[in-house]
Amino acid sequence: MQSHSNGIHFGKKKVIANIIKWALVLGLLLFACLKYRDIMLDSLYEVAHTPAWKLIICFSLANLFFMAEGLIISRMTATSNKQLTLGQGISCTYMCAFYRLATLGNGNGIAQLYYYNVKGIPVAEALGMAISQYTFQKITIGIMGVISFVAVSAFGTHSLLKYSWFMLAGVVVISLICIFLFLITISKKISDFVMMFARKIVKPHWKLYAKLDQAQNAINSLQRQGRLIWKDKKLFIEVIVLNIFKLFCWYIIPGVLFFGEHTINLFFALALMAVCNMLGCVMLAPSGVGTLDYVFTLLFGTIISSDESIAATILLYRFLTWIVPFLIGMIPAAFLKKENS
């Protein structure tokens with residue numbers, strides 16, 4: 001990467017887009033706080049009175065996610081001549097969390113490529129690793145979501161089952177996404193067919209040719225990295241297991257917060273959270289803002305009658321999985337910038 005490209009650079013249009021997104025999100029939050037101020041005040045009261053042992057467990061679980069993610073990064077970069085250490089992998093994933101929230105999703109992938117590049121991993125390899133990591137995570141979310149949907153459908157209450165078609169639609173969409181990502185990762189014939197079809201569609205719009213070339217390069221990098229992972233059975237199993245473990249850490253957090261105060265079973269709460277995340281992945285919003293919260297409130301609201309408790313739980317969940325990593329991520333972001341200056 002050329003020296004003038006070093007650093008995470010956002011063009012004027014992207015900066016404006018980020019400002020608009022933040023304005024919309026903050027505007028919606030302000031509207032929600034004003035409209036539901038009584039519930040919000042009660043929720044904040046519940047947050048303030050959450051037992052310390054629950055907060056400690058949930059804080060640990062939230063950060064175990066990033067430990068596992070850092071190990072995934074370290075193991076996947078083993079296919080490069082510049083393997084990142086576990087510490088570097090953890091620093092990278094926290095820094096990505098910082099840029100994910102700061103840009104509401106736009107800067108996450110760029111930050112990861114920048115970190116890899118500063119540590120000496122060529123851009124082409126870094127791109128393949130980052131896309132492969134994203135692909136395996138999406139596939140794991142889909143698999144856990146589908147399995148959890150079956151469990152929730154079999155053991156859920158009658159009030160929850162009224163949303164079965166909604167959840168089934170999410171299963172179908174995430175399954176199609178996973179199948180598409182899987183096939184694109186392993187089959188050059190299929191990826192070539194997809195790109196040929198895409199080029200025919202955009203033929204009248206020459207301005208999109210550059211985007212297609214970028215997509216083709218990204219797919220080529222993904223497949224090169226994917227073939228390395230598929231051939232290394234040990235690495236493949238490690239990546240899948242670590243992905244399951246890290247998602248488990250986040251999915252179990254609401255169950256811990258509800259534990260002892262509501263009748264919901266700990267592992268049923270985990271399964272329902274997996275369904276919520278699966279549905280959140282297929283609903284369009286910047287960095288998933290609002291989608292998970294909406295689905296969480298909808299599905300958990302059929303089991304837990306306290307709106308204040310549900311709101312308090314999602315507030316704590318967002319704080320632990322968004323705000324805390326954002327604050328921690330400031331440190332590696334500052335050090336990396338200094339290292340590259």
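Below, each value reflects all heavy atoms present in this structure, side chains not excepted, and no hydrogens, waters or symmetry copies. Throughout, numbering of the chain's residues begins at 1 and tracks the sequence.
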[atom1]-[atom2] distance between [X] and [Y], expressed to the nearest 0.5 angstrom:
X: Q223; Y: I131; atom1: CD; atom2: CD1; value: 10.5 Å
X: T297; Y: I314; atom1: OG1; atom2: CD1; value: 6.5 Å
X: L127; Y: S132; atom1: CG; atom2: OG; value: 9.0 Å
X: F149; Y: L279; atom1: CZ; atom2: CG; value: 9.5 Å
X: D293; Y: Y317; atom1: CG; atom2: OH; value: 9.5 Å
X: L84; Y: L71; atom1: CG; atom2: CG; value: 12.0 Å

Do N108 and Q112 have side-chain atoms, one donor and one acceptor, less than 3.5 Å apart?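 The answer is no; no qualifying pair exists.
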Shortest non-hydrogen separation from [X] to [Y] and the atoms involved:
X: M278; Y: G170; value: CE-C, 4.1 Å
X: L242; Y: A68; value: O-CB, 4.1 Å
X: T93; Y: G70; value: CG2-N, 4.2 Å
X: Q83; Y: S74; value: NE2-O, 3.1 Å
X: C249; Y: I252; value: O-CG2, 3.4 Å
X: C178; Y: G142; value: SG-CA, 3.9 Å

Shared hydrophobic cluster, I190 / L176 (ILVMFWY, side-chain heavy atoms < 4.5 Å):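 Different clusters.
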Common cluster, Y134/I141, ILVMFWY with side-chain heavy-atom separation under 4.5 Å: no
Under the criterion ring pair (Phe, Tyr, Trp, His ring centres under 6.0 Å), which of F335, F66, F326 is the partner of Y94?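 Looking at F335, F66, F326, the match for Y94 under the ring pair (Phe, Tyr, Trp, His ring centres under 6.0 Å) is F66.
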Measuring only between side-chain heavy atoms, which start at C-beta, is [X] closer than 4.5 Å to [Y]?
X: N277; Y: W250; answer: no
X: F136; Y: I72; answer: no
X: I323; Y: R318; answer: no
X: F268; Y: I303; answer: yes
X: F300; Y: C276; answer: yes
X: V123; Y: L113; answer: no
X: I143; Y: I240; answer: no
X: I147; Y: M144; answer: no

Which of these, R100, K246, R75, sits in a salt bridge (Lys or Arg N to Asp or Glu O under 4.0 Å) with E69?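 That would be K246.
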Sole candidate of T77, I73, V118 that passes side-chain contact (heavy atoms from CB on, under 4.5 Å) when paired with C92: I73
Only one of M76, Q133, K234 passes side-chain contact (heavy atoms from CB on, under 4.5 Å) with V239; say which it is.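 Among M76, Q133, K234, the one meeting side-chain contact (heavy atoms from CB on, under 4.5 Å) with V239 is M76.
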[X] side chain to [Y] backbone, donor-acceptor under 3.5 Å:
X: K54; Y: L257; value: yes
X: Q88; Y: T85; value: yes
X: S148; Y: G145; value: no

Test side-chain hydrogen bond (donor to acceptor under 3.5 Å, both in side chains) on E261 and S309 and set out the steps. CA-CA 9 Å; E261 298 181 21; S309 184; 5.0 Å; no
Whether W53 and F259 hold their rings parallel, tilted or perpendicular, with breakpoints at 30° and 60°: perpendicular
Are Y99 and Y114 an aromatic pair, judged by ring center distance below 6.0 Å? no
